[in-house]
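Okay, so here's the structure we're looking at.
Note that ligands are numbered from 1 as they come in the structure, with each ligand's atoms numbered from 1 the same way.
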Amino acid sequence: MTISLVEVAGANFRTDEKSDKLNDEFMKRLGMRKRYLPARLAISRSLAVSAPVDLMGEETDPGKAIKGDTLFGTGTGLSVWLGLIAERSADPEMDLKKLIALVGAHWRRGLVQLDKEWEQAGQDLSKFVERIVEVADLRTGQGKPISLGGVEAAATYSNGRIEVQIGEIGEDTSTKEKIVWTMNGLGSSPHSAIMGGVGSGKTRTAVSMLRSIRGQGPVPLLAFDFKGDLGTDAKGGGYHIDELFDARVLEPPRMPIPLDVLSITSNSEIDVAEAASRFRESFSRLKGSRLGDRQRTALHEAASRAISEERPCELRHIRDTLVAYYEDHEMKEDGAISTIQEICRFPLFQPTYSPADFFKQSWIVKLPPNVAEDSRTIVVNLVLDALDQYLNSLVDADTSPDGARGLRILCVVDEAHQILGSKLPSLANLIRMSRSKGGAVMLISQSPDDFSGEDDEFLSEMGLVAAFSTNAPPKNATRILGKGANLGALQTGQCLVKRRGDQAAKRVKAW
Ligand SMILES: Nc1ncnc2c1ncn2[C@@H]1O[C@H](COP(=O)(O)OP(=O)(O)O)[C@@H](O)[C@H]1O
Ligand SMILES: [Mg+2]
């Protein structure tokens, strides 16, 4: 075989023009943004067929070219593709020209095959993927197809119990015993709430706990930072959480969040309708939106249409479909329209990463008070919605023999009162549902009041509550921490700590 990897990497590959159109069609169907992605899928689909492939006639119109290193990658990836194609052709005299012809032919045959399977799946993305997974025989030992997110995306990042000391000192003020919280223990809740007045040591204690957790497993972090002191600031100050978690700091709208935030796992009617409802709920929390029945219908309709038709769907698509809906129904522009125009003024999101790829990295989303309130609310709501959706699409996180649940992601909201006032449906959902999926939420806020939503009692879902000194009315403090809890009497660095299962709160010196 006289062919070099360098030659293949630099060569142009193409199929015929008609198949190229089908390739474009598959980009839309599968929500892919690169031409080479359906091409790869098609070539591998054809390679899974053992019959020899018919080469294309000379007379066919050629499609657009893709360069070898784009189509097949480089290095090992390229070698494997080449090996598979050569193996299938069984032609000992392979050269570049023959390879180009073979690739074009496999590409075409694969697309035809995929198109058939797409129709057989009733144009339903999840059914289609199931079928492809079956063909590829990518099944686990139990004969269960792997999840859409892939094995790696669903990984957990811890093994065994995660023991977290409460703050840098973490000592019971009377008994001097170390107070440790087992955040992922059998039957416990991995979520925590830390509260206290300004400067009481909430963030400092949270950071010390995060450091401890990260030391026990490389779990990724998603942090919302309303104050702006979690990362490293321009002067080298701040809590340096970005360094600890290898996190990227995002500052929307100056830097859009690189997440395909409205993505759905399938284009089935139910999934689209659910996604539209979730969007509407998040949107209805915005100050200016004030949705009446007509607006709610309009928004649901517009969101459904945009979500099912656009891949990836962005906020501006929903804005456009909503404006069109208003025109079609001769509705006057109102708060809903001006609010969606307002949040689309600057792109808050950019669909670079799928949820699976986004949530395995660490991020600090900075949302200081100078960012418009509606933008902050919609960012938090949509990201948390996407996280909730993503986690729920995964199989339950593994448990170790001692019953400890593996962690997949840590989600921290610092100065949560900035948004808790707007009653986040997505946060409530995440706190209720994510435990078995390896999600852990840490809420840091000023007053115990911030955690008691109208219909969601966050605090009852918490595995740990720590309260530093505040002027909170005693009623709220006692409701959470038990009778006799007096948050006004705490000294600097001290907090009352109640872990799930504790009879009474303990007074702990955290720092
Ligand atoms: N990077 C830091 N490391 C240690 N202590 C800090 C750091 N930054 C601030 N402090 C001090 O720790 C105390 C608690 O601060 P912090 O936890 O940020 O308060 P808050 O409760 O408002 O989040 C303050 O006295 C503050 O001066
Ligand atoms: Mg703070």
Non-hydrogen side-chain atoms of Ile162 and Thr182 separated by less than 4.5 Å
no

Taking both backbone and side-chain atoms of Ser200, is any N or O found less than 3.5 Å from an N or O belonging to ligand 1?
yes

For Phe349, check ring pair (Phe, Tyr, Trp, His ring centres under 6.0 Å) against everything at least two apart and list the hits.
none

The single option from Arg405, Lys437, Arg435 that satisfies side-chain hydrogen bond (donor to acceptor under 3.5 Å, both in side chains) with Asp396 is Lys437

Looking only at side chains, do Asp414 and Thr203 share a donor and an acceptor under 3.5 Å apart?
yes

Taking atom 14 (C) of ligand 1 as the reference point, the nearest protein heavy atom with its distance
Gly201 CA, 3.4 Å

Any donor-acceptor pair under 3.5 Å linking the side-chain atoms of Glu243 with those of Thr232?
yes

When you measure from atom 11 (C) of ligand 1 to every protein heavy atom, which one gives the shortest distance, and what is it?
Arg204 NH1, 3.7 Å

Just checking, is any N or O donor in the side chain of Ser354 or Asp260 under 3.5 Å from an acceptor N or O on the other one?
no

the protein heavy atom lying closest to atom 13 (C) of ligand 1 turns out to be Trp511 CH2, 3.5 Å

Under 3.5 Å, is there a donor on one side chain and an acceptor on the other for Asn381 and Ser426?
yes

Take atom 21 (O) of ligand 1 and look for protein heavy atoms under 4.0 Å from it; say yes if you find one, no if not.
yes

Does ligand 1 have any atom that is closer than 4.0 Å to a heavy atom of Phe468?
no

Nearest neighbour in protein (non-hydrogen) for atom 8 (N) of ligand 1:
Tyr239 OH, 3.4 Å

Under 3.5 Å between some N or O of ligand 1 and some N or O of Glu415?
no

Under the 4.0 Å line, does any protein heavy atom show up next to atom 26 (C) of ligand 1?
no

Polar contact flag for Val198 and ligand 1 (N/O pairs, less than 3.5 Å)
no

Side chains of Arg278 and Gln389: do they bring a donor and an acceptor to under 3.5 Å?
yes

Within the structure, does Lys202 bring an N/O atom to less than 3.5 angstrom of an N/O atom in ligand 1?
yes

Ser158 vs Val219 side-chain heavy atoms within contact, under 4.5 Å
no

Tell me, please: is Gly237 in heavy-atom contact with ligand 1, that is, under 4.0 Å?
no

Under 4.0 Å to a heavy atom of Gly197 - the qualifying atoms of ligand 1, by number:
21 (O)

In this structure, atom 24 (C) of ligand 1 is nearest to the protein heavy atom Gly199 O, 4.0 Å

Would a 4.5 Å heavy-atom cut-off, applied to side chains only, mark Arg507 and Leu490 as touching?
yes

So, for Phe358 and Trp363, is the gap between ring centers shorter than 6.0 Å?
yes

Cut-off under 2.8 Å, centre the Mg ion (ligand 2), protein N/O/S atoms:
Thr203 OG1

Protein contact to atom 23 (O) of ligand 1 [nearest heavy atom, distance to 0.1 Å]:
Thr203 OG1, 2.7 Å

For Asn159 and Ser400, does a side-chain donor sit closer than 3.5 Å to a side-chain acceptor?
no

Would you say the side-chain atoms of Asp388 and Asn392 include a donor-acceptor pair closer than 3.5 Å?
yes

